[in-house]
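Below is one structure, written out as structure tokens; comments come after it.
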Amino acid sequence: MIELQYFTQDDFDQLIRWVDSEKFLMQWAGPSFNYPLDKSQLSEYLRGANNNQTDKLIYKVVHTETGAMIGHISLVRIDRENHSARIGRVLVGDQSYQGQGICRQMIEKIVKIAFEDLELHRVSLGVFDFNSAAISCYQKAGFKKEGLLRDYRKVGDEYWSLWEMSLLEDEWSARIN
């Protein structure tokens, strides 16, 4: 139903349209971008990505039947020495595809890249504690909560807490066999 393809400059406008508020930008990308998201920030994000020696792989999510870009996901902080990486910037941006299991497919595909292609041992991610749909998706894909970082980010007048989650290669392998 979906495939991951490298994110390119041609995809910038669509992603910018999806990120429509400062709070949503924080939820999606943490503090790595400033609102409003723009092409220069995305160019910097993409610089050095998507090659054999990179520490980040950045993907658009394409619906295989329509060819439409419907989301975004990245695998960052790829550490080949310690065999670890971090999933980030997970987004099913086209709302008509939300609630259809697309996020879980995205996670499963990027985890497969991490464990099979890159031969990693550990994949982690962070998710704000109020994002129950994402937490449920990650748990269904095998991720385990490691700990809650309380009041991790100040957003406006409130503090957001962040769950750290991870999946190890043997846990993933046991799930697919």
Side-chain angles (χ1 to χ4, degrees), residues 1-7 11 14-15 17-21 23-33 37 45 56-66 68-78 84-118 120-153 155 158-177:
M1 188 166 195
I2 65 157
E3 65 181 17
L4 303 183
Q5 297 176 4
Y6 285 144
F7 181 73
D11 306 313
Q14 179 61 64
L15 184 59
R17 281 193 296 275
W18 287 332
V19 179
D20 60 1
S21 73
K23 280 190 173 185
F24 184 76
L25 179 63
M26 178 60 71
Q27 185 177 347
W28 172 67
S32 56
F33 295 115
L37 187 61
Y45 167 52
K56 60 185 171 182
L57 298 172
I58 304 170
Y59 296 99
K60 63 182 170 185
V61 181
V62 176
H63 190 269
T64 53
E65 293 171 21
T66 65
M69 177 179 159
I70 62 170
H72 182 91
I73 193 167
S74 62
L75 189 66
V76 297
R77 298 187 205 163
I78 299 169
S84 65
R86 187 166 181 85
I87 294 173
R89 298 179 182 91
V90 179
L91 173 64
V92 179
D94 186 325
Q95 293 184 1
S96 65
Y97 290 96
Q98 292 176 354
Q100 298 181 23
I102 300 293
C103 181
R104 185 166 175 193
Q105 291 178 50
M106 293 165 54
I107 296 300
E108 288 171 352
K109 287 186 180 296
I110 205 155
V111 164
K112 184 177 181 185
I113 291 167
F115 291 129
E116 288 187 8
D117 298 348
L118 300 176
L120 300 181
H121 174 71
R122 180 180 195 280
V123 176
S124 65
L125 57 84
V127 58
F128 289 112
D129 69 338
F130 59 80
N131 194 343
S132 56
I135 293 167
S136 175
C137 170
Y138 303 147
Q139 288 175 320
K140 287 176 184 171
F143 281 78
K144 303 208 181 326
K145 289 180 177 176
E146 294 184 326
L148 182 67
L149 303 176
R150 299 177 308 141
D151 291 353
Y152 183 70
R153 288 273 178 244
V155 181
E158 58 188 5
Y159 287 93
W160 292 359
S161 296
L162 182 88
W163 279 109
E164 277 294 323
M165 301 179 76
S166 70
L167 179 64
L168 302 178
E169 71 179 311
D170 60 334
E171 296 166 337
W172 174 76
S173 183
R175 291 179 63 83
I176 63 166
N177 291 328

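Worth saying up front: this structure is predicted, and the values here are computed from it rather than measured.
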| field | Residues, nucleotides or ligands: over 12 heavy atoms within 6.0 Å of R175 CZ | value | yes

| request: Go through the steps to decide whether L57 and L4 satisfy the test side-chain contact (heavy atoms from CB on, under 4.5 Å), and finish with yes or no. | output: CA-CA 10 Å; L57 298 172; L4 303 183; over 6 Å; no

| Under 3.5 Å, is there a donor-acceptor pair between the side chain of S161 and the main chain of D151? | yes

| said: Quick one: does any side-chain atom of W160 pair with a main-chain N or O of F128 as donor and acceptor, under 3.5 Å? | reply: no

| Nearest heavy-atom pair of W172 and K112: which atoms, and what distance? | CZ2-CA, 4.0 Å

| Student check: side-chain heavy atoms of V90 and V127 closer than 4.5 Å | no

| request: Answer with yes or no after comparing the ring centroid distance for Y6 and Y59 against a 6.0 Å cut-off, counting only values under it. | output: yes

| query | Is the shortest heavy-atom distance from the side chain of S124 to the side chain of M165 under 4.5 Å? | reply | no

| When S74 is tested against each of L91, I58, I110 for side-chain contact (heavy atoms from CB on, under 4.5 Å), which residue passes? | I58

| Closest non-hydrogen atom pair between R89 and A29, with its separation | NE-CB, 3.8 Å

| said: Do L162 and L148 make a side-chain contact, defined as non-hydrogen atoms from C-beta onward lying under 4.5 Å apart? | reply: no

| request: Check whether any side-chain heavy atom of I102 sits under 4.5 Å from a side-chain heavy atom of Q105, and report yes or no. | output: yes

| request: State, to 0.1 Å, how close A141 and I107 come at their nearest heavy-atom pair, and which atoms those are. | output: CB-CG2, 3.6 Å

| Which one of R122, R86, K145 satisfies the salt bridge (Lys or Arg N to Asp or Glu O under 4.0 Å) criterion with E164? | R86

| query | If you draw a 6.0 Å radius around CD in Q95, do more than 12 non-hydrogen atoms from other residues or ligands fall strictly inside? | reply | no

| field | Backbone of L15 reached by a side-chain donor or acceptor of K60 within 3.5 Å | value | no

| For the residue pair Y97 and H63, does the interplanar ring angle fall in the parallel (under 30°), tilted (30 to 60°) or perpendicular (over 60°) class? | tilted

| Lys/Arg-Asp/Glu bridge criterion (N-O < 4.0 Å) met for R104, E108 | yes

| task | First locate atom CH2 of W163, then atom CD1 of I135, and finally report the distance between them rounded to the nearest 0.5 Å. | result | 7.5 Å

| message | Between H72 and W28, is the ring centroid distance below 6.0 Å? | response | yes

| message | My understanding is that only one of V92, V62, V61 makes a side-chain contact (heavy atoms from CB on, under 4.5 Å) with I2; could you say which? | response | V61

| query | Taking E171 for the side chain and L168 for the main chain, is one N or O donor matched with an acceptor at less than 3.5 Å? | reply | yes

| said: With a 4.5 Å cut-off on side-chain heavy atoms, are L167 and Y138 touching? | reply: no

| field | Euclidean distance, D94 CG relative to M69 CE, rounded to 0.5 Å | value | 10.0 Å

| Of the non-hydrogen atoms in W18 and F24, which two are nearest, and what is the gap between them? | O-CE2, 3.7 Å

| request: Check whether any side-chain heavy atom of D129 sits under 4.5 Å from a side-chain heavy atom of Y152, and report yes or no. | output: no

